[in-house]
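Here the structure is laid out as structure tokens; the discussion comes afterwards.
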Amino acid sequence: MDKFVQLANDIVKLLGKYGGSYASGILNTLILALVATVIGCLIGFVCGVLNTIPYTQNDPLPKRFLLKLIRALVRIYVEVFRGTPMVLQAVFLYYGLPYFTDNALKFTNIWVAAIVVVSINTGAYMAESVRGGIISIDPGQTEGAKAIGMNHVQTMTNVILPQALRNIMPQIGNNFIINVKDTSVMFIIGFPDFFAAHRAAVGASYLYFPSATVEMVGYLTMTLAASFLLRWVEKKLDGSSNYELVQVDQLTMTAGTYSHPDRGTPFDEQSREFTAAKELKRERREKKLQELKYGRPKGDR
């Protein structure tokens with residue numbers, strides 16, 4: 001019990017002295033994760049769409065060659081950035097560019113460098129998620145869109161992508177949560193994130209475990225808040241599950257798509273057979289109600 005009391009005292013001491021540094025690190029982490037996730041999603045959408053453009057053997061040779069080349073480049077990009085750690089990607093981009101170009105090309109802004117690294121890494125994961133979301137849509141919808149005269153761009157923007165976006169929304173949220181945690185590796189290039197604040201506090205106070213506890217609670221709070229927000233967004237995208245208003249919509253009824261349980265549709269033919277069947281159904285229902293209320297007549301028992 002004494003250790004927990006000591007841990008609490010050390011945490012209070014750290015927050016009193018380095019609380020501003022922790023808060024600044026949290027803000028920088030959230031901004032970096034959010035901006036990089038948005039840019040990474042845009043990269044992923046572009047790569048995913050390019051990777052699913054259809055072609056046949058009857059298409060011109062230049063078109064087939066270009067699409068195959070694009071798919072090969074996208075595949076190389078995805079495999080390289082998914083198959084290597086983000087910390088090494090940061091090292092290669094931030095320190096490798098000036099090394100190979102004799103300082104002709106280098107990042108002069110640490111924010112730009114961090115956003116580029118995290119965005120490219122996120123885009124590699126999102127490219128496959130978008131591709132999976134697109135091919136998960138029923139092919140019949142693509143055929144239907146083409147049947148009414150839509151070209152490929154119109155089909156993608158108006159039919160396929162809106163549905164694919166809903167399907168991959170959990171993966172977008174998952175990537176954001178991953179980025180909140182994985183931006184901690186940006187300390188390797190000197191980015192002032194939450195983890196960098198922890199390292200600075202530990203270097204000055206030597207209270208490694210209390211500072212790590214603050215980090216753990218901080219990251220957990222950020223990820224839980226992000227999960228709650230993303231579930232709320234998904235619920236909004238799903239819309240309301242109550243469709244009672246549709247049943248009384250005059251446009252729906254006049255369109256002939258609404259069927260009343262007793263009256264049929266507005267366009268049902270009022271033939272003698274239909275009227276007789278409706279009258280028989282009404283009499284049976286009234287008879288059952290009478291039996292429930294007064295019991296069966298003696299002759300029917």
Side-chain angles (χ1 to χ4, degrees), residues 31-82 115-116 118-179 226-227 229-243 245-246 249 251-252 255 257:
I31 294 174
L32 175 59
L34 181 60
V35 173
T37 301
V38 172
I39 297 175
C41 287
L42 294 176
I43 295 173
F45 266 92
V46 172
C47 292
V49 171
L50 292 176
N51 210 15
T52 55
I53 297 177
Y55 66 89
T56 64
Q57 294 299 324
N58 297 326
D59 289 330
L61 180 61
K63 178 182 178 180
R64 285 185 285 138
F65 174 78
L66 179 61
L67 290 178
K68 288 183 178 180
L69 178 62
I70 290 174
R71 292 188 179 187
L73 293 176
V74 171
R75 174 57 56 188
I76 292 172
Y77 159 64
V78 170
E79 295 300 334
V80 169
F81 283 90
R82 283 199 314 175
I115 290 174
V116 168
V118 182
S119 299
I120 293 177
N121 183 272
T122 304
Y125 286 92
M126 283 305 305
E128 287 298 287
S129 298
V130 173
R131 185 178 70 87
I134 291 174
I135 64 178
S136 70
I137 305 302
D138 186 0
Q141 299 198 32
T142 302
E143 296 172 2
K146 291 181 179 179
I148 62 174
M150 287 187 177
N151 56 33
H152 180 72
V153 175
Q154 292 172 327
T155 301
M156 292 298 295
T157 55
N158 296 301
V159 179
I160 304 300
L161 285 182
Q163 299 177 75
L165 176 62
R166 176 60 188 91
N167 291 342
I168 65 176
M169 194 65 195
Q171 185 60 30
I172 294 176
N174 187 50
N175 279 323
F176 174 70
I177 292 173
I178 289 174
N179 285 340
S227 297
L229 180 61
L230 291 165
R231 288 195 183 94
W232 178 81
V233 172
E234 289 179 23
K235 187 176 180 180
K236 289 297 182 181
L237 288 176
D238 288 337
S240 176
S241 59
N242 185 358
Y243 298 99
L245 292 177
V246 177
D249 188 352
L251 292 176
T252 305
T257 57

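Keep in mind it's a predicted model, so treat the numbers as computed, not measured. Quick note: residue numbers are just sequence positions, from 1.
Between the side chain of Arg131 and the backbone N or O of Thr52 there is no donor-acceptor pair closer than 3.5 Å. Without hydrogens or angle criteria, Asn51 side chain to Cys47 main chain gives no donor-acceptor distance under 3.5 Å. A distance-only check finds a donor-acceptor pair linking the side chain of Tyr77 to the backbone of Ile120 [under 3.5 Å].
Contact of the Met156 side chain with the Ile134 side chain is registered, since non-hydrogen atoms from C-beta on lie closer than 4.5 Å. Taking 4.5 Å as the limit, every side-chain heavy atom of Leu42 sits out of range of all side-chain heavy atoms of Phe45. Two residues are said to be in side-chain contact when any heavy atoms from C-beta on lie closer than 4.5 Å; Thr122 and Phe176 fail this criterion. Side-chain atoms of Leu161 and Val49, non-hydrogen and from C-beta on, do get closer than 4.5 Å to each other. Using a 4.5 Å cut-off on side-chain heavy atoms (C-beta onward), Ile168 and Val130 make contact.
Looking at every heavy atom in both residues, Pro54 comes nearest to Leu67 through O-CD1, 4.0 Å. Of all heavy-atom pairs spanning Lys63 and Asp59, the tightest one is NZ-OD2, 3.9 Å. Nearest heavy-atom pair, Asn158 versus Met150, reported as atom, atom and distance to 0.1 Å: CB-CE, 4.4 Å. Pairing each heavy atom of Glu128 with each of Val78, the nearest pair is CG-CG1, 3.8 Å. Closest approach of Ala36 and Val118 over heavy atoms only: CB-CG1, 3.4 Å.
Here the CG-CG distance, from Asn179 to Asn175, works out to 6.5 Å after rounding to the nearest 0.5 Å. Here Ile160 contributes atom CD1 and Leu165 contributes atom CG; the two are 13.0 Å apart, rounded to the nearest 0.5 Å. The structure places CD1 of Ile177 at 3.0 Å from OG of Ser227, a figure rounded to the nearest 0.5 Å. Rounding to the nearest 0.5 Å places CD of Gln171 at 10.0 Å from OH of Tyr125. Interatomic distance, Thr155 OG1 to Ile137 CD1, rounded to the nearest 0.5 Å: 13.0 Å.
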Could you list the donor-acceptor pairs under 3.5 angstrom formed by side chains in residues 139-146, with sequence neighbours left out?
unit_1, atom_1, unit_2, atom_2, d
Gln141, OE1, Gln163, NE2, 2.5
Gln141, NE2, Gln163, OE1, 3.1

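Surrounding CZ of Arg231 are at most 12 heavy atoms belonging to other residues, nucleotides or ligands under 6.0 Å away.
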Exercise. Tell me, with the steps shown, if Met126 and Ile172 meet side-chain contact (heavy atoms from CB on, under 4.5 Å).
Key: CA-CA 8 Å; Met126 283 305 305; Ile172 294 176; 3.6 Å; yes
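With sequence neighbours left out, Thr157 forms a side-chain contact (heavy atoms from CB on, under 4.5 Å) with Val153.
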